[in-house]
Amino acid sequence: MSGDKKIVLEGYRDLKRKVSGESSRSLRQSLEKLGESIHFSYKYCPDLEENPLALNAAKAIVAAEKQHRSEEVYQLIAGSEQAYTELFIFETATALGLDMVRFKKDFQSDDTLSRVRRDIEDAKNCGLLVFPGLTIDGAPYNGAWDDESLFAAIEKRGTKTIKIAIESFFHWGASAAAVLIIATFAALLMVNIGYDTLYEHWRHTKMGLVFGDGGLLLPLEVWINDFLMAIFFLMIGLEIKKEVLDGELSDIKRAAMPVIGALGGMLVPALIYVLINLGVPTLTGWGIPMATDIAFTLGLMALLGNRVPLALKIFISALAVADDLGAIIVIALFYGHGFHWTPFIAALVIIGIMIFLNKRRIYAIPVYVGLGLLLWYCIFESGLHATLAGVITAILIPTRGSADLPLIARQTAIIFDREISKIKDSSNGHAQVGHGSLQVLRSAVERLKEPSDYLMHSLEKVVNFFILPLFAFFNTGILLSGSELDLLAPGSLGILAGLTIGKPLGIVGACWIASRLKIAQLSSEIDWKQLIGASTLAGVGFTMSIVVASSAFREELLTSSKISILIASTLSALIGLMVLNRVTKK
């Protein structure tokens, strides 16, 4: 083992699922092979919400450490069906022959209680997916528990600092919004410090596939805005479907208020824009202020942490999903370019095939992804907005009911018991798992996956940390010094007023009217001041607004629209955070 510094391994035990004494000895024997380079200790993390008395069990084990008898106490009381009363704890300690005067003093000491509380807090933040579990120099080890896998992870511990930092960033609620902001500033900086020619060269560099005399060669900007954003719309479509089937939009009563709020948040900004732009060419941009950027809105709310009520986060999430659905419909109906029948008919044929496979309960995700790629090409060639392919594919990927988890668990247990028996019967104590057993286990794992949900979670990081930042970078590189922006021009004023005023006015106004008419009811955990702050944050249109603007305008009008979107989104973010910060201080 390289390096003089000791490697710190910490085992986390939850006291509900006891690790046998044999397993504990096996782990310690394995670690002894590494010599003195390892420092190993246990932490105890009882689930106090499920069993408040489990605190006594954890204190007893920690107190027994002072007499080097913690493992014996753990083996006797962990997983016990008896209530962890002090009487039970003291009787157990007496039966083990502990020094009871010392044990009771240590059990009741503030240091022991602080240690257990610290262990519980560490367990919440350690990143382990299952308990019992191990951390290596503070990094969660979620791999297999065999010696070879564990030793390999220990060897790679040098990368743990970077790994922890990256994982912590990904799990930070505002990380997606932060990356979008960085990408936006990078584009603005690059263009405005003299690299605008290089930036434009990148945007218009043609890429694609060539087959003989044919092929598909498109500028990089088109690949990003039409192809990669179709993947973004695929994820959005999957999110909408999940909410409709089994989320906040699945129940009419729960869905009523956020849907009404979303409708108001789309109609009022569009109406304000239309009134300002009547009779001028920029009228076609009426869809721009209707959009809400879900990543930015929820990311900004995450900056305030637990001060924002959970009910408000759920409400805004459902509202943003409904808003995205409205934006998709608007783009599909009003922002296509031209129309060609032949590829459109081909697209209908592909959709028909996907419907057939859905009805036949074919759950193979690669099949739908492949057909989705063909669908994207046909819709792109037809002149409709190519991102529609992502939404249609999301809708047609089948869903299936929950698996019978206890039954599958019994099935896999039988397989493992059989394979363990083979190992015991072998002469050298080792045996390879049979191919047939692996097939059964693989099938069991696949059955536990819900296709739509699995694909959606697989796409989250790709979309949030690659596709959307690329979109932001290649769509916000605006040369500010040469741009003639008149904020009082109808198009710019419509976007500014629509997003900063129309969004909160539409959302809060629609919800208030629905509440007064008793059509729907706002959660008792949300007050109207909080709703005003969150609705103002919803004025951050950014991604979706730029998508609509890119379809509605070209050249100078597009540039001024993008600048207006950036200004309006910034104002909405600042005002919304100020309001939410003020009304949630208590």
Original post:
Do the side chain of Ser560 and the main chain of Leu557 share a donor and acceptor less than 3.5 angstrom apart?
Top reply: yes
**OP:** Locate the shortest heavy-atom distance separating Ala497 from Ile276; write the atom from each residue and the value.
**Re:** CB-CD1, 4.2 Å
Original post:
Could you walk me through whether Ile478 and Val191 pass the side-chain contact (heavy atoms from CB on, under 4.5 Å) check?
Top reply: CA-CA 7 Å; Ile478 304 163; Val191 169; over 6 Å; no
Original post:
Are more than 12 heavy atoms from other residues, nucleotides or ligands located less than 6.0 Å from atom CD of Glu460?
Top reply: yes
Original post:
Nearest heavy-atom pair of Lys242 and Asp453: which atoms, and what distance?
Top reply: NZ-OD1, 3.1 Å
**OP:** Give a yes or no answer on whether the side chain of Glu121 reaches the backbone of Arg118 with a donor-acceptor pair at less than 3.5 Å.
**Re:** no
Original post:
Looking at Thr282 and Pro490, what are the two nearest heavy atoms and their distance?
Top reply: OG1-CB, 4.2 Å
**OP:** State the SG-CG distance between Cys378 and Leu384, to the nearest 0.5 angstrom.
**Re:** 11.5 Å
Original post:
Do Ile397 and Lys241 have side chains that get closer than 4.5 Å, going by heavy atoms?
Top reply: yes
Subject >> Exam field: side chain Asn358 to backbone Met354, donor-acceptor pair closer than 3.5 Å >> reply: no
Donor-acceptor pairs are to be reported for all side-chain atoms of residues 498-513 against protein atoms at under 3.5 Å, with residues two or more places apart or in another chain.
| from | atom 1 | to | atom 2 | distance (Å) |
| --- | --- | --- | --- | --- |
| Thr500 | OG1 | Leu496 | O | 2.4 |
| Lys503 | NZ | Gly265 | O | 3.0 |
| Lys503 | NZ | Met290 | O | 2.8 |
| Lys503 | NZ | Thr292 | OG1 | 3.0 |
| Lys503 | NZ | Asp323 | OD2 | 2.6 |

Original post:
For the atom pair CD (Glu525) and NZ (Lys313), what is the distance rounded to the nearest 0.5 Å?
Top reply: 12.0 Å
Original post:
Taking the six-membered ring for Trp, are Phe334 and Trp286 parallel (under 30°), tilted (30 to 60°) or perpendicular (over 60°)?
Top reply: perpendicular
Original post:
Could you state the interatomic distance from CD1 (Ile355) to CZ (Arg360), rounded to the nearest 0.5 Å?
Top reply: 15.0 Å
Original post:
For the residue pair Phe380 and Trp376, does the interplanar ring angle fall in the parallel (under 30°), tilted (30 to 60°) or perpendicular (over 60°) class?
Top reply: parallel
Original post:
How far apart are the C-alpha atoms of Ser572 and Leu537, what are their side-chain angles, what is the distance that settles it, and do they pass the side-chain contact (heavy atoms from CB on, under 4.5 Å) test?
Top reply: CA-CA 5 Å; Ser572 296; Leu537 281 182; over 6 Å; no
Original post:
How about Arg554: does its CZ atom have over 12 heavy atoms from other parts shown lying under 6.0 Å from it?
Top reply: yes
Original post:
What heavy-atom pair brings Leu357 and Val367 nearest, and what distance separates the two atoms?
Top reply: CD1-CG1, 3.6 Å
Original post:
What's the shortest heavy-atom distance between Ala552 and Gly285, and which atoms?
Top reply: CB-CA, 4.2 Å
Subject >> Pairwise distance CD(Glu243) to CG(Leu325) - rounded to 0.5 angstrom >> reply: 12.0 Å
**OP:** Quick one: do Leu487 and Leu493 satisfy side-chain contact (heavy atoms from CB on, under 4.5 Å)? Show the steps, please.
**Re:** CA-CA 6 Å; Leu487 293 179; Leu493 187 59; over 6 Å; no
Original post:
Going through the checks in order, is the side-chain contact (heavy atoms from CB on, under 4.5 Å) test met by Phe471 and Val547?
Top reply: CA-CA 9 Å; Phe471 175 84; Val547 169; 3.7 Å; yes
**OP:** Compare every heavy atom of Phe542 with every heavy atom of Asp293, then report the nearest pair and how far apart it is.
**Re:** OD2-CB, 3.7 Å
Original post:
When you measure from the side chain of Tyr12 to the backbone N and O of Asp119, does any donor-acceptor pair fall under 3.5 Å?
Top reply: no
**OP:** Find out whether Thr387 and Leu234 are in side-chain contact, i.e. whether some heavy atom of one side chain is under 4.5 Å from a heavy atom of the other.
**Re:** no
**OP:** For the residue pair Pro469 and Ile182, establish whether any side-chain heavy-atom pair is separated by less than 4.5 Å.
**Re:** no
Subject >> pair Ser515-Leu522: side-chain heavy atoms closer than 4.5 Å >> reply: no
**OP:** Measure the shortest side-chain to side-chain distance between Thr476 and Ile546 over non-hydrogen atoms and say whether it is less than 4.5 angstrom.
**Re:** yes
Subject >> Flag side-chain contact, heavy atom, 4.5 Å: Ser535 against Ile532 >> reply: no
**OP:** Look at the side chain of Asn277 and the backbone N and O of Val280, then say whether any donor-acceptor pair between them is shorter than 3.5 Å.
**Re:** no
Original post:
Between Thr412 (side chain) and Ala409 (backbone), is there a donor-acceptor pair under 3.5 Å?
Top reply: yes
Original post:
Quick one: are Phe315 and Ile526 in side-chain contact, heavy atoms under 4.5 Å?
Top reply: yes
Original post:
Would a 4.5 Å heavy-atom cut-off, applied to side chains only, mark Asp324 and Phe233 as touching?
Top reply: no
